[in-house]
Amino acid sequence: HLCDDSTIIDIWLDRSVERPKQWRRTTGCSGGMTGVDIDYPVETVPPSGKIYSPENIIACNKAFNEEQPLYRRAGGVHSSALGDGKQILLRVEDVGRHNTIDKLAGRLLLEGTQIEPRTLFTTGRISSEMLQKAARMQCEVIVSRTSPTSLSVEMARQAGITLVGYARGERFRVYAHNERIQLS
């Protein structure tokens with residue numbers, strides 16, 4: 001339910017959810033820990049069986065980087081997109097890199113868009129929070145033009161997510177689950 005002035009959204013689940021026994025809270029941009037530092041498991045992404053060619057990753061990343069109108073006008077803006085491994089299907093921009101992933105999740109929910117398998121492209125550094133959000137959206141591949149944090153690499157390995165960083169031009173680095181990338 002969206003309230004009259006559009007400032008609050010109430011969400012009711014259609015099933016019971018077990019409340020986590022412990023939480024790890026982190027700050028968004030600085031990566032510092034607040035609260036109790038405990039283990040918070042990341043959602044596992046079941047493999048689709050799809051193998052991604054380096055050429056396809058490079059082509060999708062190039063298409064993603066070419067379509068950032070707000071960044072071109074204003075600068076200082078992050079972008080994220082979802083694709084199916086062959087093409088980019090949803091794009092968003094925002095001043096916050098975390099917000100772009102929230103916007104994609106919202107669009108999937110509101111528009112009922114079906115993208116299988118899901119590949120996330122983003123301009124920002126991949127933090128553990130961003131990796132958790134991508135895992136909840138069932139993204140099996142994450143591609144960024146910059147680096148992942150060490151915690152996000154560890155979490156990608158745990159979740160079964162292929163994590164690609166420094167995707168620039170004709171090159172990229174695979175940090176986790178390289179078995180989804182077709183090697184020559």
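All residue numbers in this chain count up from 1 along the given sequence.
Ser127 contributes atom OG, which lies 7.5 Å from atom NZ of Lys133 (distance to the nearest 0.5 angstrom). Asp102 CG to Met137 CE: the interatomic distance, rounded to the nearest 0.5 Å, is 8.5 Å. From Phe121, atom CZ reaches atom CZ of Arg91 across 10.0 Å, with rounding to the nearest 0.5 Å. The CD atom of Glu43 lies 9.0 Å from the CD1 atom of Ile161; values are rounded to the nearest 0.5 Å. Residue Leu89 holds its CG atom at 8.0 Å from CG of Leu82, rounded to the nearest 0.5 Å. The structure places CD of Glu116 at 6.0 Å from CD of Gln114, a figure rounded to the nearest 0.5 Å.
Taking the side-chain hydrogen bond (donor to acceptor under 3.5 Å, both in side chains) definition, one finds that Ser152 meets it with Thr149, sequence neighbours left out. Residues satisfying the side-chain hydrogen bond (donor to acceptor under 3.5 Å, both in side chains) test with Asp94, not counting sequence neighbours, are Asn99, Lys103. Residues that satisfy the salt bridge (charged side-chain N to carboxylate O under 4.0 Å, His left out) test with Asp84, not counting sequence neighbours, are absent from this structure. Residues satisfying the salt bridge (charged side-chain N to carboxylate O under 4.0 Å, His left out) test with Glu18, not counting sequence neighbours, are Lys21. In this structure Thr146 satisfies the side-chain hydrogen bond (donor to acceptor under 3.5 Å, both in side chains) test with no other residue, sequence neighbours excluded. Applying the salt bridge (charged side-chain N to carboxylate O under 4.0 Å, His left out) rule to Arg118 yields no partners; only residues at least two apart in sequence or on another chain are considered. Listed by chain and residue number, Glu111 satisfy the salt bridge (charged side-chain N to carboxylate O under 4.0 Å, His left out) test with Arg107 (two or more places apart in sequence, or in another chain). Residues satisfying the side-chain hydrogen bond (donor to acceptor under 3.5 Å, both in side chains) criterion with Asp10, sequence neighbours excluded, are absent altogether.
Remark: the backbone N or O of Arg157 is paired with a side-chain donor or acceptor of His177 at under 3.5 angstrom. The backbone N or O of Val45 lies less than 3.5 Å from no partner atom in the side chain of Gln138, so there is not a single donor-acceptor pair. Judged by distance alone, with hydrogens and angles left aside, the side-chain atoms of Ser144 form a donor-acceptor pair with the main-chain N or O of Gly124 at under 3.5 Å. Between the side chain of Ser128 and the backbone N or O of Leu151 there is no donor-acceptor pair closer than 3.5 Å.
For the side-chain contact (heavy atoms from CB on, under 4.5 Å) test with Leu120, the passing option among Leu90, Ile101, Val141 is Ile101; the others fail.
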Checklist entry - Is there a side chain to side chain contact (heavy atoms under 4.5 Å, CB included) between Ile126 and Ile142 once you walk through the steps? => result CA-CA 9 Å; Ile126 302 297; Ile142 301 172; 3.6 Å; yes

Checklist entry - Hey, mind stepping through Arg97 and Thr123 against side chain to side chain contact (heavy atoms under 4.5 Å, CB included) and telling me if it holds? => result CA-CA 8 Å; Arg97 68 184 195 275; Thr123 57; 5.7 Å; no

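Here the shortest heavy-atom pairing between Thr100 and His78 reads CG2-O, 3.5 Å. Closest non-hydrogen pair, Val42 versus Ala135, comes out as CG2-CB, 3.8 Å. A pairwise comparison of heavy atoms in Gly83 and Ile115 identifies O-CG2, 3.3 Å as the closest pair. The nearest pair of heavy atoms linking Thr44 to Gln158 is OG1-O, 4.3 Å. Residue Pro148 comes nearest to Leu163 through the heavy atom pair CB-CD2, 3.7 Å, listed as atom of the first residue, atom of the second, then distance. Shortest non-hydrogen contact noted between Val95 and Gly76 is CG2-O, 3.8 Å.
Within a 6.0 Å radius of CG in Asp4, other residues, nucleotides and ligands contribute 12 heavy atoms or fewer. Crowding of Lys50 atom NZ: a count of heavy atoms from other residues, nucleotides or ligands under 6.0 Å exceeding 12.
A heavy-atom distance below 4.5 Å is found between the side chains of Ile181 and Thr162.
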Atom pairs and distances, donor-acceptor, side-chain atoms in residues 169-176, under 3.5 Å, two or more places apart:
none

For residues 54-65, which side-chain donor-acceptor pairs fall under 3.5 Å, sequence neighbours excluded?
residue	atom	partner	partner atom	Å
Asn56	ND2	Gly85	O	2.8
Asn61	ND2	Ala167	O	3.1
Asn65	OD1	Gln68	NE2	3.4
Asn65	OD1	Arg145	NH1	2.9
Asn65	ND2	Asn61	O	3.1

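Note: the hydrophobic cluster containing Leu2 also contains Ile11 (ILVMFWY, side chain heavy atoms under 4.5 Å, direct or indirect links).
Checking Ser48 against Glu140 by side-chain atom types alone, a donor-acceptor pair falls below 3.5 Å.
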